[in-house]
2 protein chains.
Amino acid sequence: MRPAEAHEAGLLMAVELRASQALKLWHAVHLALVRDDVHDLTVRQITILTTIYLEPPPHTVRGLAARLGVTKPVITRALNTMGAMGLVTRRRDEADRRNVIIQRTVEGALYLDRLADLVVEKAAELPR
Amino acid sequence: MRPAEAHEAGLLMAVELRASQALKLWHAVHLALVRDDVHDLTVRQITILTTIYLEPPPHTVRGLAARLGVTKPVITRALNTMGAMGLVTRRRDEADRRNVIIQRTVEGALYLDRLADLVVEKAAELPR
DNA sequence: CGCTTTCATTTCGGGTCCGTTATATTCCGG
DNA sequence: CCGGAATATAACGGACCCGAAATGAAAGCG
């Protein structure tokens, strides 16, 4: 094998390993979520939730819709669902009463803490 | 970065995740999935798909249902949906015609390759 | 052979999510 | 102060998912 070929093979092997590990991680976490029956959030909902908790406030319906590239009713409905679960709350923006400010809750923070711990746990269990 | 370093980094990415990094990774990947309008799979569907592609065959409806801890109709319906998307195929087990063998497809493998690459990409962008 | 078991699917009623469209409220500029 | 713009939500219809129960098809077994 020429050096260039070895170099290529080395890179590809490394990339494949990374991708393989990533996919195993994705599988392990999702399997745990399904088996533990802890998850009924859609991809959009989990995206909204993590956006609220990780990106700087304030968060509005319009802002979240733009950030995610979805329509506003998607945000409103997701907030209805996750609000009923206690994961987020809403309040009117008194400065501009057309706006709704989405806020975090203790329960929502705990939910994401558990999710993060699950990802860490499954990452640690990955075969080397 | 030398290939060996890339290899190490790939492993460390999975092993050394901290909770805050794990949550940021989860957020970044989901945000990309939503923004890029990738086929919207449920948590159960993505779990079924990765199970088919990562765990040793053969895969049957009954086996997948037991592995995931869900009812068989959940598997049948998910296979209908993902089959229509071309991500998996089904065939009768000729040895025992009651069984259905679930098989991988090129399209399904490409889908998971892209997903894995996305996870790797977002992991690489994480703050250290 | 019949009877039972096993496996997968279909059916059923209820629920949620989606995009589109329509509505209500609030702000703002002339 | 008033008509238009902006914001969020509600209403509508179609699609999908769910669990439980019913159905269909094949194998096992006495």
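Just so it is clear: chains get the letters A, B, ... in the order the sequence lines come, proteins before strands, and each one is counted from 1. As the structure is a computational prediction, the values presented were derived from the model and not from experiment.
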Engineer: Kindly work out whether a path of hydrophobic side-chain contacts (I/L/V/M/F/W/Y, heavy atoms less than 4.5 Å apart) joins A:L110 to A:L112.
Structural biologist: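 Different clusters.
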Engineer: May I have the distance from B:L68 (atom CG) to D:dC17 (atom C1'), rounded to whole angstrom?
Structural biologist: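 Between C1' of D:dC17 and CG of B:L68: 15 Å.
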Engineer: Rounded to the nearest angstrom, tell me the gap between atom CG in B:D40 and atom C1' in D:dC17.
Structural biologist: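 About 13 Å, once rounded to whole Å.
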Engineer: Minimum heavy-atom separation for A:T89 and A:R104, please, with both atom names.
Structural biologist: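 Looking at all heavy atoms of both residues, the shortest contact is OG1-O, 4.2 Å.
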Engineer: Any sub-3.5 Å donor-acceptor pair from B:Q45's side-chain atoms to B:T42's backbone N or O?
Structural biologist: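 Yes.
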Engineer: Taking for each residue the nucleotide of DNA chain C bearing the nearest heavy atom, is the 5' side occupied by A:R44 or by B:R90?
Structural biologist: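 The residue mapped nearer the 5' terminus is B:R90.
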Engineer: B:N80 has an atom CG; how far is it from atom C1' of D:dC16, in whole Å?
Structural biologist: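 Interatomic distance, CG of B:N80 to C1' of D:dC16: 11 Å.
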Engineer: Counting only heavy atoms not in B:R62, do more than 12 fall under 6.0 Å of its CZ?
Structural biologist: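 Counting other residues, nucleotides and ligands, CZ of B:R62 stays at 12 neighbours or fewer.
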Engineer: It should be established whether A:Q45 places a side-chain nitrogen or oxygen under 4.0 Å from OP1 or OP2 of nucleotide C:dC17.
Structural biologist: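 Checking A:Q45 against C:dC17: at least one side-chain N or O falls below 4.0 Å of OP1 or OP2.
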Engineer: Checking side-chain contact (heavy atoms from CB on, under 4.5 Å) for the pair A:V70/B:D37: CA distance, chi angles, key distance, verdict?
Structural biologist: CA-CA 9 Å; A:V70 299; B:D37 206 13; over 6 Å; no
Engineer: Between the side chains of B:H27 and A:E55, is a donor N or O closer than 3.5 angstrom to an acceptor N or O?
Structural biologist: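 Per modelled atom types, B:H27 and A:E55 side chains form a pair under 3.5 Å.
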Engineer: Pull out every residue in residues 69-79 of chain B that has a heavy atom closer than 4.0 Å to any atom of DNA chain C, ordered by number, or say none.
Structural biologist: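 Going residue by residue through residues 69-79 of chain B, the ones with a heavy atom under 4.0 Å of DNA chain C turn out to be B:K72, B:P73, B:T76, B:R77.
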Engineer: Take B:R90 and B:N80 through the side-chain contact (heavy atoms from CB on, under 4.5 Å) test and state the conclusion after the steps.
Structural biologist: CA-CA 9 Å; B:R90 280 182 281 198; B:N80 289 343; 2.4 Å; yes
Engineer: Quick one: which of C:dG19, D:dC17, C:dA8 gets closest to the side chain of B:R62?
Structural biologist: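 The answer is C:dA8, which lies nearest to the side chain.
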Engineer: Distance alone, cut at 3.5 Å: any donor-acceptor contact between the side chains of B:H30 and A:T47?
Structural biologist: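 Result is no, nothing qualifies.
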Engineer: Which of residues 92-102 of chain A have a heavy atom under 4.0 Å from DNA chain D?
Structural biologist: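 Within this stretch, A:R98, A:N99, A:V100 sit under 4.0 Å of the strand.
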Engineer: In whole angstroms, how far is the P atom of C:dC18 from the CG atom of A:L41?
Structural biologist: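 Interatomic distance, CG of A:L41 to P of C:dC18: 11 Å.
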